[in-house]
Amino acid sequence: MELIKSGINRYLLPKQGKMKVNCYIYATEKLAAMIKKDNSLRQLTNAASLIGVVEPVCGMPDLHQGFGLPIGGVMATGGPNALISAGAVGMDINCGVRLLRTELHKFDLNEECVKKFVEEVQKKVPTGIGKGGSKSKVHRHIFQKVLLKGSRVLVEEGFGFPEDLTAVEENGLLEGADIDAVSKLSLSRGESQLGTLGGGNHFIELQEVENIEADDLAHHFGLFPGQITVMIHTGSRGFGHQICTDFCRVFLQAAPKYGIELPERGLAGVPVDSPEGKEYFAAMAAAVNFAFANRQLINWDIRGVIKKIWGIKGELVKVVYDLAHNIAKWEHCRGDTVLVHRKGAIRALPPKHPLISSIYKKTGNPVLVPGTMGTSSYIMVGTKAAEETFFSVNHGAGRVLSRRAAWKSISGEEFQKSVQGIYYGKRSYRELVDEAPGAYKDIDEVVKTLADRNMVRIVARLRPLAVVKGKD
DNA sequence: ATGTAC
């Protein structure tokens with residue numbers, strides 16, 4: 001597939017065949033070469049062939065093949081033919097990241113309390129998939145309320161502070177959720193999973209601020225050099241997964257009725273105003289709210305751990321920000337209101353944007369980009385130039401090896417070397433190798449791609465000290 | 001990502 005260079009770190013995949021709009025891929029030369037190796041460009045052109053799609057379909061520098069839309073894909077739809085696609089949001093609805101900041105400095109930590117942190121978090125937060133990872137401590141009536149009202153419910157129930165809510169995308173609530181739109185199976189899978197981490201790439205990481213690149217912004221975000229932070233990466237667990245599965249089936253069956261031609265099964269979509277489209281949106285919103293609340297509850301557990309180990313009050317552990325990686329939302333961009341599907345992409349609103357939470361009006365919303373379990377994470381902010389991607393930027397490093405390939409090609413020795421100095425508890429090579437840094441692209445290069453285009457500004461870099469991961 | 005498959 002031919003990519004035409006089109007400005008700094010940007011390639012045009014021109015409209016051809018059944019495509020209705022152009023695609024843009026954001027990559028350095030090196031990253032573009034990686035992106036060409038899997039099926040992700042084909043998937044972007046398929047998305048660009050859907051009815052009602054708005055130009056351009058975007059591929060982020062961490063782009064890689066997924067189900068339907070690739071991970072790192074952004075697809076907006078609009079106008080009378082606006083389509084909604086469950087596959088273009090992804091299986092893990094509102095998979096996302098929350099960052100906490102403490103008043104601790106790295107000099108306040110020693111090896112012993114870093115280990116203690118991991119042990120205590122493992123004790124408090126259920127991890128892994130299936131039964132072990134699904135022992136929620138909140139009552140069923142809270143679960144149902146959460147689906148409709150988001151993370152606010154947990155604050156009301158005593159699992160957070162009102163201040164937490166102002167530091168969450170959409171204040172932790174996507175309006176329009178409806179429990180009747182959610183299958184019984186989703187509800188039964190979800191009700192025991194609020195406050196659980198999951199497996200795969202989900203994690204809780206203890207970090208230090210290793211470098212600050214924009215003093216003014218870092219100061220506004222409450223960050224200082226050497227500071228200890230905690231990053232939470234998780235989503236809507238089996239609840240969102242089941243909703244995606246349910247509606248992919250519904251959409252696949254309903255699409256012909258609306259005269260929608262599907263370039264591939266994973267992109268199955270229906271008009272957003274159709275009964276099926278409305279029902280999916282209502283179910284997706286419930287999963288979005290579940291995931292915001294999931295991170296809020298884990299946040300609360302971490303406050304407990306920090307208090308136990310360092311004696312620091314929960315109020316002094318603040319939320320920097322919390323945002324979604326997998327979501328579809330109506331957003332205002334370039335004089336239009338469009339339904340932005342982000343699948344492995346983050347919203348990065350520039351300063352003064354009307355949708356930004358008041359606390360970040362002056363700076364733009366913090367953009368949290370996790371690295372891998374062995375490499376640093378980044379905090380950035382979007383600029384006005386991010387308008388060309390519907391204010392979306394890359395969400396992580398992006399896989400370069402599949403799980404199987406990682407297991408086959410990364411040796412125990414290589415794995416150990418790549419996570420040296422990072423405490424990850426009593427987890428084996430076998431359990432973690434598919435998350436090895438070597439299975440991912442170079443986060444520094446990925447982040448630099450959009451920074452060099454001035455679509456983002458780098459604020460700070462966070463170095464991992466310890467990580468809690470679930471068993472698969 | 002995920003009761004890793006219907």
Side-chain angles (χ1 to χ4, degrees), chain A residues 38 40 43 62-73 85-98 125-136 182-194 196-204 232-250 252-253 265-266 283-284 286-288 290-292 294-295 298 323-328 341-346 370 372-373 395-408 430-436 439-440 468-472:
Chain A
D38 67 16
S40 50
Q43 294 184 319
D62 51 345
L63 195 73
H64 59 104
Q65 192 179 322
F67 171 66
L69 195 66
I71 321 294
S85 165
V89 170
M91 287 295 201
D92 191 2
I93 298 165
N94 193 7
C95 178
V97 165
R98 175 177 292 218
V125 182
T127 67
I129 64 171
K131 283 183 181 160
S134 57
K135 290 198 187 114
S136 183
V182 180
S183 69
K184 291 274 182 295
L185 183 55
S186 294
L187 292 170
S188 72
R189 285 180 70 175
E191 67 184 3
S192 61
Q193 295 187 317
L194 197 57
T196 68
L197 185 66
N201 64 0
H202 290 164
F203 64 79
I204 295 166
I232 303 162
H233 181 200
T234 185
S236 52
R237 310 283 287 97
F239 182 67
H241 191 277
Q242 190 61 48
I243 288 169
C244 182
T245 305
D246 291 344
F247 281 91
C248 279
R249 191 178 300 134
V250 170
L252 203 57
Q253 209 167 30
R265 292 168 62 94
M284 179 201 63
V288 166
F290 177 95
F292 281 139
N294 194 26
R295 295 192 284 274
I298 291 174
L323 39 76
H325 290 166
N326 290 359
I327 200 164
H341 297 68
R342 296 192 182 90
K343 183 176 183 180
I346 300 177
T372 71
M373 66 179 293
H395 83 307
R399 259 190 192 285
V400 68
L401 294 180
S402 71
R403 285 159 180 241
R404 258 172 63 92
W407 184 71
K408 278 165 78 176
R430 182 76 181 81
E431 287 169 344
L432 295 174
V433 64
D434 49 345
E435 286 301 312
Y440 285 86
V468 174
K469 274 190 167 281
K471 242 189 263 193
D472 278 350

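Naming convention: chains lettered A, B, ... in sequence-line order (proteins, then strands); numbering from 1 in each chain.
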Take the protein atom [atom1] of [X] and the nucleotide atom [atom2] of [N], then report the distance between them rounded to whole Å.
| X | N | atom1 | atom2 | result |
| --- | --- | --- | --- | --- |
| Phe67(A) | dT4(B) | CZ | P | 16 Å |
| Gln242(A) | dA5(B) | CD | P | 14 Å |
| Met91(A) | dT2(B) | CE | P | 11 Å |
| Asp92(A) | dT4(B) | CG | C1' | 14 Å |
| Asp246(A) | dC6(B) | CG | C1' | 14 Å |
| Glu431(A) | dT4(B) | CD | P | 18 Å |
| His202(A) | dT4(B) | NE2 | C1' | 15 Å |
| Phe247(A) | dT2(B) | CZ | C1' | 18 Å |

Closest heavy-atom pair and its distance - Ala439(A), Asp434(A): CB-O, 3.8 Å
Please tell me which of Arg249(A) and Arg399(A) maps to the more 5' nucleotide of DNA chain B, matching each residue to the nucleotide holding its nearest heavy atom. Arg399(A)
Residue-phosphate contact under 4.0 Å: Arg403(A) side-chain N/O, dT4(B) OP1/OP2: no
Pick out which of Ile243(A), Asn294(A), Ile93(A) makes a side-chain contact (heavy atoms from CB on, under 4.5 Å) with Ser236(A). Ile93(A)
Does one side chain, of His202(A) or Asp92(A), offer a donor that lies under 3.5 Å from an acceptor on the other? yes
